[in-house]
Engineer: 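The structure's right below; bear with me while I get my questions together.
A quick note: this is a predicted structure, and the numbers were derived from the prediction, not measured. In what follows, every chain begins at residue 1, and chains take the letters A, B, ... in the order their sequences are listed.
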Protein chains: 2
Amino acid sequence: MPQAESDHSVFRAIADPTRRAILDRLRQGPAPVNELASAFSQSRPAISKHLRILRELRVVSEQRHGRERLYRLEPAELKDVADWILPYRDFWQASLGNLKSYLENE
Amino acid sequence: MPQAESDHSVFRAIADPTRRAILDRLRQGPAPVNELASAFSQSRPAISKHLRILRELRVVSEQRHGRERLYRLEPAELKDVADWILPYRDFWQASLGNLKSYLENE
DNA sequence: ATAATACGTAACCAAATGGATACGTATTAT
DNA sequence: ATAATACGTATCCATTTGGTTACGTATTAT
């Protein structure tokens, strides 16, 4: 039964490099779809699909403005990622500490 | 030309919930494959494939010990994720700040 | 009223993903 | 020497992913 339980977490959202780039761009402020599409040398529908995924996971919000749709960063959901990664921090800090000790020939 | 440039970043590695669970388990110490496999109700080869991906991205290391292979967490590469997410922190803190102001009826 | 613009969606497709089963190999137990 | 154990890998398969082109619709410009 090949079924991956279709993970709809924000981890999937940021797995794609294009979506990460979109989010990075949106950190500098909201943008309409065309601007994003022209920035990433992909077709506009492709970007639309990425935006749909980000929308459904609440990582961005859409605000219609005339015939444009402004996409805005909604970083709250990204906190899940930060929370997940936090405990690992101790580990690589420990590793760096060990390396430091080693280099200092302690 | 459907080619996603086959992203081999650590973001792909942690996109899968099983792999995240494996990493979470390894935070408590190294483990042989069978222990991991039995923990996740998947076939052992499936876990082996996940471990291969984590190995190739240097998120875990393998240490042969007799006929067992101990897998150990190597969290250094996860730092990329932490570094990427860091700038977003300002955003959701700002959002929380706004919410706080709003609730305090400022 | 008509044309142009700014999107979303549908349909389609190749490649990647994630799983299973079958098999091979090195190491330990008997 | 033989059997059991602990893996990795090969092969296969269904589903998902990420892209395309074609098309429809709402809004603005002429």
Side-chain angles (χ1 to χ4, degrees), chain A residues 1-26 29-72, chain B residues 1-26 29-72:
Chain A
M1 309 130 182
Q3 50 176 0
E5 191 62 24
S6 99
D7 181 29
H8 282 323
S9 75
V10 65
F11 289 93
R12 280 274 181 206
I14 66 168
D16 184 84
T18 302
R19 287 195 290 269
R20 286 200 304 278
I22 289 175
L23 294 178
D24 287 342
R25 163 62 189 83
L26 291 182
V33 178
N34 268 340
E35 184 187 317
L36 298 170
S38 59
F40 298 119
S41 68
Q42 280 182 12
S43 72
R44 185 183 46 71
I47 302 297
S48 261
K49 282 174 70 173
H50 283 307
L51 287 171
R52 181 197 179 100
I53 291 170
L54 294 172
R55 234 189 302 140
E56 287 175 350
L57 288 169
R58 316 276 181 187
V59 185
V60 304
S61 64
E62 175 194 295
Q63 186 186 3
R64 303 200 49 170
H65 226 301
R67 59 187 164 183
E68 283 190 337
R69 319 214 175 177
L70 268 292
Y71 279 89
R72 182 184 309 269
Chain B
M1 307 133 185
Q3 49 175 359
E5 191 62 25
S6 94
D7 183 29
H8 282 323
S9 75
V10 66
F11 289 92
R12 280 275 181 206
I14 65 169
D16 184 84
T18 302
R19 287 196 290 268
R20 286 199 304 278
I22 289 174
L23 294 178
D24 287 342
R25 163 61 188 83
L26 291 182
V33 178
N34 268 339
E35 184 187 316
L36 298 171
S38 60
F40 297 119
S41 68
Q42 281 183 12
S43 71
R44 186 183 46 71
I47 303 296
S48 261
K49 282 174 70 173
H50 284 307
L51 287 171
R52 181 195 179 103
I53 291 171
L54 294 172
R55 234 188 303 139
E56 287 176 348
L57 288 169
R58 317 277 181 186
V59 186
V60 304
S61 63
E62 175 194 294
Q63 187 187 2
R64 303 203 46 171
H65 227 301
R67 59 186 165 184
E68 285 190 335
R69 318 215 174 177
L70 267 293
Y71 279 88
R72 181 184 311 270

Engineer: Heavy atoms only, 4.0 Å cut-off, all strands: where does A:Y71 land among base, sugar-phosphate and nothing?
Structural biologist: sugar-phosphate
Engineer: Side-chain N or O of B:R19 less than 4.0 angstrom from OP1 or OP2 on C:dG18?
Structural biologist: yes
Engineer: Compare all side-chain heavy atoms of B:L23 with those of B:V60 and state whether any distance is below 4.5 angstrom.
Structural biologist: yes
Engineer: Taking all atoms of both residues into account, what is the closest heavy-atom pair of A:R19 and A:A13, and its distance?
Structural biologist: NE-O, 2.7 Å
Engineer: Test for a donor-acceptor pair under 3.5 Å between the base of D:dG8 and the side chain of B:K49, counting only N and O atoms.
Structural biologist: no
Engineer: For the backbone of B:A37 and the side chain of B:R44, can you confirm whether one donor and one acceptor N or O come within less than 3.5 Å of each other?
Structural biologist: no
Engineer: Tabulated below should be each protein N or O lying under 3.5 Å from an N or O of nucleotides 1-6 of chain D; please produce it.
Structural biologist:
{"from": "D:dT5", "atom 1": "O4'", "to": "B:R67", "atom 2": "NH1", "distance (Å)": "3.4"}
{"from": "D:dT5", "atom 1": "O2", "to": "B:R67", "atom 2": "NH1", "distance (Å)": "3.3"}
{"from": "D:dA6", "atom 1": "O3'", "to": "B:R67", "atom 2": "O", "distance (Å)": "3.4"}

Engineer: Ignoring backbone atoms, establish whether A:H50 has a side-chain N or O less than 4.0 Å from OP1 or OP2 of D:dG19.
Structural biologist: yes
Engineer: Rounded to the nearest angstrom, tell me the gap between atom CD1 in B:I47 and atom P in D:dC7.
Structural biologist: 12 Å
Engineer: Between D:dG18 and B:R12, is there an OP1 or OP2 to side-chain N/O distance shorter than 4.0 Å?
Structural biologist: yes
Engineer: Check every strand shown and say whether A:A46 touches a base, only sugar-phosphate, or nothing at a heavy-atom separation below 4.0 Å.
Structural biologist: base
Engineer: Below the 4.0 Å mark, does C:dA20 have OP1 or OP2 next to a side-chain nitrogen or oxygen of B:S43?
Structural biologist: yes
Engineer: Kindly express the pairing pattern of DNA chain C in dot-bracket notation, using | wherever a base pairs with another strand and counting only Watson-Crick or G-U pairs under 3.5 Å.
Structural biologist: ||||||||||||||||||||||||||||||
Engineer: Indicate whether OP1 or OP2 belonging to C:dC7 is found under 4.0 Å from a side-chain N or O atom of A:S48.
Structural biologist: no
Engineer: Nearest to the side chain of A:R55, which nucleotide is it out of C:dG8, D:dT20, C:dG19?
Structural biologist: C:dG8
